[in-house]
**Student:** 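Below is one structure. I have some questions about it.
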Amino acid sequence: MVSALFIVPVLVSCKGNGNILSIGKPEFVSEFPRTGQLKEIESFNLNEIGLRSVKVVDTLLFVDKAGVFGNIGNAWVIYSLDGKKEYGGCMRTGNGPGEFPYSAPYVSSCYFFNDNDSLFVHAPNRNKGQILELNITRHLQDSSQAPHPVIETGYMQSNSWAVNPCGKGKVLITQPNDYLTGFQRLMYENDTVRQLAVTRDIDKATISPGGDVNLIAKVVRYDAAADMFVEAMLYLNQINIYSADGTEGKTICVGKKLDDVSVVEKTPEAERGRDYISVSAWEEGFGAIYFGGTILEYQQRLVNDTQIQFFDWEGNPKYLVELPYQASAFDIDFKNNVMYVINKAEDTLTAYDATEIVQSMRN
């Protein structure tokens, strides 16, 4: 059964006005068909610090680190899947060509693809309005290889909340409206942008003028094989999924009722819900890290437990994992049945046997 963490609402004292973000009629999840305890793979050991996110691509394990402002160096480090061999680093912060002025993008939000027996990545450089391409395979052979722009556009502004490459020449751009009261989800292609038809309703959801637009912010991920986006809301108890062509999508909620934005706004900041932390996507479906306590409990680590909820692309619940710490990012190696999870408090990356999770996602 679903933990009580889901079904005890944080926001109970205010009356809302029906200001919710939903793609069509929301679907509610009351339980997950399978739950389990994770078994750590003790032979895995990776000694990096400042971990932000992790990504499994083919036979490589990418980790990216939160650098200190002004530091110059590689933000991503590439390892073998067992963590025992370091192949090198890439995505430098700095002011030179192919470098990121402030910080490199999260590795989990970038677009990886294979072409002519080489692995490539498209990474957004919002401050310069660019999508940079790097031939990872060639870079590992010659570290002097640097990313180069393949898209340069004024549509991708530095104030964009999220920029998600999703194919050669395509980018999903999330931008605040002119009044900083809501977000627009725009698909960039051939130097034009268009609104996704399926997200028009949730694009209309707004906060009060002068309020904190972060209340309706989200973490967005894309999977090329499924050609789908998933976005997990940071401060609302819901997940939105939609196709890249904008023709279909839905909203799912683990609980009985969607959070009302007007209620969240009226709630003191420390008492507001801190819901989803991160999300990862694969051909088989997606998983999202859920906290479910208040912002105060999250920030001061008064509650450390988190969950990882797994779904297929139809929004059906598949598996639930409970962790005794605040997880901040994760990814799964579906070939070798291994899940990598970042422990935020201890700044460590742990590998777990994910056999049951993988089986559930594929059934």
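What you see below is based on every heavy atom in this structure, not just the backbone, and it leaves out hydrogens, waters and symmetry mates.
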**Student:** Please tell me whether I252 and L320 are part of a single hydrophobic cluster in this structure, the criterion being side-chain heavy atoms less than 4.5 Å apart.
**Tutor:** yes
**Student:** Just distance, no hydrogens or angles: give the donor-acceptor pairs under 3.5 Å from side chains in residues 202-213, sequence neighbours left out.
**Tutor:**
residue : atom : partner : partner atom : Å
D203    : OD1  : R185    : NH1          : 2.6
D203    : OD2  : R185    : N            : 3.4
D203    : OD2  : Q195    : NE2          : 2.9
S208    : OG   : E265    : OE1          : 3.3
S208    : OG   : E265    : OE2          : 3.4
D212    : OD1  : N214    : N            : 3.0
D212    : OD1  : N214    : ND2          : 3.1

**Student:** With side chains defined as the heavy atoms from C-beta onward, is the minimum distance between I78 and L140 less than 4.5 Å?
**Tutor:** yes
**Student:** Under 4.5 Å between any side-chain heavy atoms of V230 and V220, yes or no?
**Tutor:** no
**Student:** Do N240 and T199 touch side chain to side chain, with heavy atoms closer than 4.5 Å?
**Tutor:** no
**Student:** Between K344 and I277, is any pair of side-chain heavy atoms under 4.5 Å apart?
**Tutor:** no
**Student:** Distance-only, no hydrogens or angles: does the Q326 side chain make a donor-acceptor pair with backbone N or O of V303 under 3.5 Å?
**Tutor:** yes
**Student:** Do N114 and S118 get their side chains close enough for a donor-acceptor pair, meaning under 3.5 Å?
**Tutor:** no
**Student:** What distance separates Q184 CD from I173 CD1, expressed to the nearest 0.5 Å?
**Tutor:** 12.5 Å
**Student:** Looking at V219, I289, V254, which one forms a side-chain contact (heavy atoms from CB on, under 4.5 Å) with Y276?
**Tutor:** V254
**Student:** Is V150 reachable from Y188 through a run of hydrophobic residues whose side-chain heavy atoms are each under 4.5 Å from the next?
**Tutor:** yes
**Student:** Are F113 and H122 close enough that their ring centers fall under 6.0 Å?
**Tutor:** yes
**Student:** Is any side-chain heavy atom of C110 closer than 4.5 Å to one of P165?
**Tutor:** no
**Student:** Check whether K250 reaches the backbone of E27 with its side chain - one donor and one acceptor, N or O, closer than 3.5 Å.
**Tutor:** no
**Student:** Got a second to check how far E189's CD is from I151's CD1, nearest 0.5 Å?
**Tutor:** 9.5 Å
**Student:** Taking only residues two or more places apart in sequence, or in another chain, which ones meet R126 in a side-chain contact (heavy atoms from CB on, under 4.5 Å)?
**Tutor:** S160, V163
**Student:** Checking the side chain of D347 only, and the main-chain atoms of G50 only, is there a donor and an acceptor separated by less than 3.5 Å?
**Tutor:** yes
**Student:** Taking all heavy atoms of M187 and all of C166, pick out the closest pair and write down the distance.
**Tutor:** SD-SG, 3.8 Å
**Student:** Suppose clustering is done on Ile, Leu, Val, Met, Phe, Trp and Tyr with side-chain heavy atoms closer than 4.5 Å. Which residues sit in the same group as V77?
**Tutor:** I41, F44, L46, L51, V54, V56, L61, V63, Y79, L81, V338, Y340, I342, L349
**Student:** If I compare all heavy atoms of Q130 with all of P149, which pair ends up nearest, and what's the gap?
**Tutor:** NE2-CG, 3.6 Å
**Student:** Checking the side chain of S280 only, and the main-chain atoms of F330 only, is there a donor and an acceptor separated by less than 3.5 Å?
**Tutor:** yes
**Student:** Does L21 offer a backbone N or O that forms a donor-acceptor pair with the side chain of Q238 under 3.5 Å?
**Tutor:** yes
**Student:** Which pair of non-hydrogen atoms, one from D259 and one from L236, has the smallest distance, and what is that distance?
**Tutor:** OD2-CA, 3.5 Å
**Student:** Take a 6.0 Å sphere around CD of E40 and say whether it holds more than 12 heavy atoms from other residues, nucleotides or ligands.
**Tutor:** yes
**Student:** Quick check against the 3.5 Å criterion: does N74 have a side-chain atom that pairs as donor or acceptor with the backbone of W76?
**Tutor:** no
**Student:** Excluding sequence neighbours, so at least two apart, what forms ring pair (Phe, Tyr, Trp, His ring centres under 6.0 Å) with Y325?
**Tutor:** none
**Student:** Kindly say whether V263 contributes a backbone atom to a donor-acceptor pair with the side chain of T267 at under 3.5 angstrom?
**Tutor:** yes
**Student:** Within the side chain of N125, is there an N or O that forms a donor-acceptor pair under 3.5 Å with the backbone of E99?
**Tutor:** yes
**Student:** When you look at D58 and K335, which way does the salt bridge (charged side-chain N to carboxylate O under 4.0 Å, His left out) test go after all the steps?
**Tutor:** CA-CA 9 Å; D58 297 337; K335 182 177 181 180; over 6 Å; no
**Student:** How about D178: does its CG atom have over 12 heavy atoms from other parts shown lying under 6.0 Å from it?
**Tutor:** no
**Student:** Tell me, please, whether Y235 has R272 positioned over its six-membered ring: NZ or CZ under 6.0 Å from the ring centre and within 45 degrees of its axis?
**Tutor:** no
**Student:** Could you walk me through whether V57 and V107 pass side chain to side chain contact (heavy atoms under 4.5 Å, CB included), step by step?
**Tutor:** CA-CA 11 Å; V57 186; V107 64; over 6 Å; no
**Student:** Do F291 and L296 belong to the same hydrophobic cluster, where Ile, Leu, Val, Met, Phe, Trp and Tyr are linked whenever their side-chain heavy atoms lie under 4.5 Å apart, directly or via other members?
**Tutor:** no
**Student:** Under a 4.5 Å cut-off applied to non-hydrogen side-chain atoms, are Y290 and T306 in contact?
**Tutor:** no
**Student:** The criterion is side-chain contact (heavy atoms from CB on, under 4.5 Å); which residues satisfy it with T59, sequence neighbours excluded?
**Tutor:** none
**Student:** Return the CE to CG distance between M233 and L258, rounded to the nearest 0.5 Å.
**Tutor:** 10.5 Å
**Student:** Minimum heavy-atom separation for V198 and G249, please, with both atom names.
**Tutor:** CG2-N, 3.5 Å
**Student:** Below 4.5 Å, heavy atoms only, C-beta onward: do E356 and N337 meet side chain to side chain?
**Tutor:** no
**Student:** Show every salt bridge (charged side-chain N to carboxylate O under 4.0 Å, His left out) that has at least one partner inside residues 232-249, sequence neighbours left out.
**Tutor:** none
**Student:** Could you verify whether a donor N or O on one side chain and an acceptor N or O on the other, from E133 and N135, lie under 3.5 Å apart?
**Tutor:** no
**Student:** What do you reckon, are the aromatic ring centroids of Y111 and F120 less than 6.0 Å apart?
**Tutor:** no
**Student:** Look up atom CG in L186 and atom CG in L196, then write down how far apart they are to the nearest 0.5 Å.
**Tutor:** 8.0 Å
**Student:** Tell me whether F334 shares a hydrophobic cluster with I308, the cluster being built from Ile, Leu, Val, Met, Phe, Trp, Tyr side chains joined at under 4.5 Å.
**Tutor:** yes
**Student:** Just checking, is any N or O donor in the side chain of T192 or N190 under 3.5 Å from an acceptor N or O on the other one?
**Tutor:** no
**Student:** Side-chain heavy atoms under 4.5 angstrom apart, residues restricted to Ile, Leu, Val, Met, Phe, Trp, Tyr: same cluster for F286 and M228?
**Tutor:** yes
**Student:** What is the ring orientation for Y319 with F310, classed by angle as parallel under 30°, tilted 30 to 60°, or perpendicular over 60°?
**Tutor:** perpendicular
**Student:** Can you name the closest pair of heavy atoms from S108 and K55 and give their distance?
**Tutor:** CA-CD, 4.4 Å
**Student:** If only atom types and distance count, is the side chain of Q175 paired as donor or acceptor with the main-chain N or O of Y155 below 3.5 Å?
**Tutor:** yes
**Student:** Do R274's NZ or CZ and the ring of Y298 fall within the cation-pi criteria of under 6.0 Å and 45°?
**Tutor:** yes
**Student:** I'd like to know if the side chain of S80 and the backbone of K85 have a donor-acceptor N/O pair within less than 3.5 Å.
**Tutor:** yes
**Student:** May I ask you to test the T35-E322 pair for a side-chain heavy-atom distance under 4.5 Å?
**Tutor:** no
**Student:** Ring centres of F311 and F32 under 6.0 Å apart?
**Tutor:** yes
**Student:** Would D64 and R52 count as a salt bridge (charged side-chain N to carboxylate O under 4.0 Å, His left out) if you check the C-alpha gap in whole Å, the side-chain angles of each, and the deciding distance to 0.1 Å?
**Tutor:** CA-CA 6 Å; D64 81 66; R52 296 195 311 169; 2.6 Å; yes
**Student:** Pairing donors with acceptors under 3.5 angstrom, does anything connect the side chains of K218 and T174?
**Tutor:** yes
**Student:** Of F112, F229, W282, which is the lone residue that meets ring pair (Phe, Tyr, Trp, His ring centres under 6.0 Å) with Y222?
**Tutor:** F229
**Student:** Please report the shortest heavy-atom distance between G287 and V279, naming the atom on each side.
**Tutor:** O-CG2, 3.1 Å
